[in-house]
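Here is the structure we will look at, set down as structure tokens.
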Amino acid sequence: MDYNFQEIEKKWQKYWSDNKIYKASNQSSKPKFYILDMFPYPSGAGLHVGHPLGYIASDIYARYMMAGGYNVLHPMGFDAYGLPAEQYAIQTGTHPEVTTLKNIERYREQLDKIGFAYDWDREVRTCDPKYYKWTQWTFIKLFHHYYDNNAGKAQPVTRLVEHFQNSGSANIDVRHDAHEPFTAGQWKAMDEQQQQELLMHYRLAFLSDTMVNWCPELGTVLANDEVSEGFSVRGGHPVERKLMRQWSLRITAYADRLLDGLEKVDWSESVKKQQREWIGRSQGASVLFEVEDHPEKIEVFTTRPDTLYGATFMVLAPEHPIVLNITTPQCRGPVREYIETTKKRSERDRMTEVKKITGAFTGSYAINPLNGERMKIYVADYVLAGYGTGAIMAVPAHDSRDFAFAKHFLLPILQVVKRPDEILTDPLEWDDSYDAKEGTLINSGVITGLEVAEAISKIIDYLEENNLGTRRINYRLRDAIFSRQRYWGEPFPVYYKNGIPYTLSEDELPLKLPPVDKFLPTESGEPPLARAENWKTAQGYPLETNTMPGFAGSSGYYLRYMDPQNDEEYFSKDANAYWRNVDIYFGGDEHATGHLIYSRFWNKFLFDLGMTVVEEPFQKMINQGKIQGRTSFVYRITGKNTYVSLGLKEKFSVTPLRVDIGLVQTIAPETYKLDIAGFKKWRSENADAEFILEDGKYLCGSEVEKMSKSYFNSQNPDDLIEKYGADTFRLYEMFLGPLENDKPWDVQGIEGVFRFIRKLWRLFHDEKNQFSVSDQKPEAAELKSIHTAIKHLHDDIERFSFNTGVSAFMICVNELTELKCNKRMVLEDLVKLIAPYAPHIAEELWHQLGHSTSVVHEPFPKFDAAMLREDTFEYPVSINGKLRFKLRLPVDMSKEQAGEIALKDEAAQKWVEGNQVRKIIVVPRKIINIVVG
RNA sequence: GCCCGGAUGGUGGAAUUGGUAGACACGUUGGACUUAAAAUCCAAUGAACAUUGCGUUCGUGCGGGUUCAAUUCCCGCUCCGGGUACCA
């Protein structure tokens, strides 16, 4: 074999590793550049071809920046806590650590084979006590801080205690859960437990009874972003709502800063938008309504206080605490029944039955504070307990849901906003409500005649002046539930004394995950850690048995890379001052509402502590697309062990079954043939299967789905690297198409890239595979070719267009081959150019060229525009915008002259004849267009 | 429902600022080399019409528009993918 990639790649991988070529130093005179990949969860299936897509892109960029003279930090690690290893442990008894370490080892091997420029000395693993010590440490800090709205940052709880001692709960603007106000005297009179309970309403990491997403199948609570449409994102198990005492992080305190920070980062609009919507800030007013014959008042949140005069009834969420208090005896039966049925309805049912209008009248009336009108109070589950106050004022004329509800229950509808040219009609006759925020107020007392925007601000002033309500901002974002009833996660550095949680002291960290006999909850339903022997402090106080969620460890890993071996600190001030934040983060946009929000919160908190110097952790982000798998299907005739080929399946009643794509061969585009012998061997029950063929073949159906081991459609890179080498594999992944696009994986085409790389090799070698370059001065054509490539590659990398980069190489190598170019001056530039994409072959050729140092540190070739200068340009000449012929003209020719020559051309005359020439447009170096008619 | 992407040959895709649509590959077909195969190389390859050649017409999801010129800008639609979902 001429180009022996196996030998070459092994050789240079060893060289890089032995010589620590990719080591990043925390001291350097060079400018820093921090480039980060989202670290993987090492699953049992190993790396599949989707993982390296972003890694290869970031690796190319990292190498390009190294060549550009930057001190590049390009680390990798493992997000090692996760459900799959624990589920496996439950099934087999294998400790999740054993599984995880094995998987990490396999991932590492696979990553190494691709030739990444990682500084492995900085590797972090979230399950390593040296690492999770700092996850626990941050939790302790969160516990001992509260959020001061005035200072706009987190402050130590000790400050808060001081304030309580001096002034009680008054005169302080801090983020907290609702509680009864108290005076300094009352505070001092409280016992330890009462004080601690109050402080819990302020801490940034706090314990509370909250409605959580409980997943019985996984035996744990999940965060909102871990649930999708009523099912767990991992595993797809049903999730229910449950009231539980859980740790949460008060991320809502940072809602505004999380929103504002988005203005400062260079991320895709779609991810920013997803985060904005997830945070869901809305401005409006909170309004207090009296209840007839009851002492209670009901607070509602509305973004449309201008429509207050049009509020004709009120709706409470079934979970609203006041519901049963105000329900009259006559209505108690139906209301109770309604609450019961809504409780039984699963999240799933609620979602699918959105259009169904249900509710029950409580028998009580609220009083509209502006006009004194009586408003029926209903209970209905279209009002959510978790948003706003769990109660709404219903304005059926201007809210479509209220409108539908009013129609259904025959409630009054009163119009209060009029469109500009609207002729007023009876709202009871309307088909839809008028929801838009445009128009003039009518029937609205003090705000009648005003435009909506004006009316909103005026009515809030009015409400505030009369103590009827206040201006208010509301968020959709919930505090992040931080407890998991699982084994495989970070233990909380928390113990309980008389039921009150206290944190361990910092010198007791890390609190290591204890051994347990089984990875299951206890018989009494406590989390697995309750099984651990001696799970208590030295003083005998019981330790917390919950563990932290998956996002705990990943929220600050990028900081630890800056100073990964530090045993004294999370990371040193110096290290952080040097690396600051991540300059470019490569990863999937599916983390928009999870990891990417949590990390930003985590970083902002550490910023408040003065530990990080930049508030936003990830300056720029590139979201690579997902690589989807092509799943193959076979069709089994129902009830028989007979499989029918794709084209004939309509004639039978069949069940489609996924089949391993390793058993399927692409014989033509979109045509897939089953390897019947292999299929019979694949699973024992297939051994005596029968087949109904078409044209002597069994054809499979196919569908594009996410790549997953359970769909039998995942492709791992190992086989391809074995067959073609890592450089070809890297180039091919990039050649597939634009990085950000989702795309189905297809190996058709890798041959072309492999051919290219061998062609590159042959530029440097003769027919006998002898290295052969000439020191002669290159020809103009050769220089033009290489400089075209230099310019292209530079521009392509700058705009993260790696697929066009690969074709630029192909064009250049094709041209140089054509020119039979083996000039050192040209080829050296070519090697440096391709080194980020195909580092192994580049390093080999570089050394063959006689160099003894790595090509990695060679500067990227400089583009010289003079090399591309041409004296003439072949103008496309069009007549009336249609290309008719081409004409080579000197580039410095005047427009007039060029136009004239083009017009006189024989080919032009054919079209011009008998017509009048109206106009000649000449765009230098672009086009000539002759307009006739 | 709402929001965001996208739609270009048989396939993946290119066209960076409105200026030669289909670069670069794959696949297919034909040919060279070879005992043969692999590998390699050469040629053709958007469609239709015309083929004796020069060619001609159409063509970037659909329908309009702006312009000397539109894959690119504007208006209206269709389909596909993704996100989100009673958020008051």
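All chains are named by letter (A, B, ...) in the order of the sequence lines, taking the proteins before the strands, and each is independently numbered beginning at 1. Any value given below was found using the heavy atoms of this structure, including those in side chains, with hydrogens, waters and symmetry copies removed. Keep in mind it's a predicted model, so treat the numbers as computed, not measured.
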Using the test salt bridge (charged side-chain N to carboxylate O under 4.0 Å, His left out), find all partners of [X] that sit at least two apart in sequence or belong to another chain.
{"X": "A/E438", "result": "none"}
{"X": "A/K626", "result": "none"}
{"X": "A/E870", "result": "A/K784"}
{"X": "A/D399", "result": "A/R401"}

I need the [atom1]-[atom2] distance between [X] and [N], as an integer number of Å.
{"X": "A/L736", "N": "B/U11", "atom1": "CG", "atom2": "P", "value": "16 Å"}
{"X": "A/R799", "N": "B/A15", "atom1": "CZ", "atom2": "P", "value": "5 Å"}
{"X": "A/I357", "N": "B/C86", "atom1": "CD1", "atom2": "C1'", "value": "11 Å"}
{"X": "A/L883", "N": "B/U56", "atom1": "CG", "atom2": "P", "value": "10 Å"}

Please give the distance between the [atom1] atoms of [N] and [M] as a whole number of Å.
{"N": "B/U72", "M": "B/U60", "atom1": "P", "answer": "9 Å"}
{"N": "B/C49", "M": "B/C73", "atom1": "P", "answer": "35 Å"}
{"N": "B/G63", "M": "B/C79", "atom1": "C1'", "answer": "15 Å"}
{"N": "B/G59", "M": "B/C54", "atom1": "P", "answer": "23 Å"}
{"N": "B/U35", "M": "B/U45", "atom1": "P", "answer": "32 Å"}
{"N": "B/U52", "M": "B/C58", "atom1": "P", "answer": "24 Å"}
{"N": "B/U11", "M": "B/G1", "atom1": "C1'", "answer": "36 Å"}
{"N": "B/A32", "M": "B/G10", "atom1": "C1'", "answer": "26 Å"}

(message) Looking at A/K743 and A/P738, would you say the former's side chain and the latter's main chain have a donor-acceptor pair under 3.5 Å?
(response) yes
Taking only N/O atoms, report every protein-nucleotides 23-26 of chain B pair under 3.5 Å with atom names and distance.
residue: B/A25; atom: OP1; partner: A/N814; partner atom: ND2; Å: 2.5
residue: B/C26; atom: OP1; partner: A/R755; partner atom: NH1; Å: 2.4

(request) Classify the side chain of A/K926 versus the base of B/U20 as yes if they form a donor-acceptor pair under 3.5 Å and no if they do not. (result) no
(request) May I ask you to check if A/R758 and A/F754 form a cation-pi contact, with NZ or CZ under 6.0 angstrom from the six-membered ring centre and within 45° of the axis? (result) yes
(request) Identify whether NZ of Lys or CZ of Arg in A/K791 sits under 6.0 Å from the centre of the six-membered ring of A/F863 and within 45° of that ring's axis. (result) yes
(request) State plainly whether the residues A/D306 and A/R304 are in salt-bridge range, i.e. N to O under 4.0 Å. (result) yes
(request) Quick one: list whatever passes side chain to side chain contact (heavy atoms under 4.5 Å, CB included) with A/K273, sequence neighbours left out. (result) A/E277
(message) Checking A/N880 now: which residues fulfil side chain to side chain contact (heavy atoms under 4.5 Å, CB included) with it, not counting sequence neighbours?
(response) A/V931, A/V932
Can you check nucleotides 65-72 of chain B for protein contacts, nitrogen or oxygen pairs under 3.5 Å, and list what you find?
residue: B/C68; atom: O2'; partner: A/N929; partner atom: ND2; Å: 3.1
residue: B/C68; atom: O2; partner: A/N929; partner atom: ND2; Å: 2.7

Please write out the pairs of protein N or O atoms and N or O atoms of nucleotides 1-9 of chain B separated by less than 3.5 Å, giving the distance to one decimal.
residue: B/C3; atom: O2'; partner: A/K273; partner atom: NZ; Å: 3.2

(message) For B/U40 and A/R758 - does any side-chain N or O of the residue sit under 4.0 Å from the phosphate oxygens OP1/OP2?
(response) yes
(request) Using the side chain to side chain donor-acceptor pair (under 3.5 Å) rule, take A/E751 and A/Y724 through it: C-alpha gap first, then chi angles, then the decisive distance, then the call. (result) CA-CA 8 Å; A/E751 288 283 351; A/Y724 299 106; 2.9 Å; yes
(message) Run through RNA chain B and report every stem of 3 or more consecutive Watson-Crick or G-U pairs, distances under 3.5 Å, ordered by first number.
(response) B:1-7 with B:78-84, B:10-12 with B:24-26, B:27-32 with B:40-45, B:46-49 with B:55-58, B:61-65 with B:73-77
(message) Under the rule for ring-ring contact (aromatic ring centres under 6.0 Å, His included), what residues qualify as partners of A/Y387, not counting sequence neighbours?
(response) none
(request) Rounded to the nearest 0.5 Å, what's the gap from CH2 on A/W267 to CD on A/Q274? Could you check? (result) 11.0 Å
(message) Rounded to the nearest 0.5 Å, what separates atom CG in A/D381 from atom OG1 in A/T341?
(response) 8.0 Å
(request) Sequence neighbours left out, what pairs pass salt bridge (Lys or Arg N to Asp or Glu O under 4.0 Å) with at least one residue falling in residues 799-819 of chain A? (result) A/D796-A/R799
(request) Could you please name the option among B/U16, B/G19, B/A88 that lies closest to any side-chain atom of A/I927? (result) B/G19
(message) Checking understanding here: a glycosidic angle within 90° of 0 is syn, the rest anti, so what is B/G9?
(response) syn
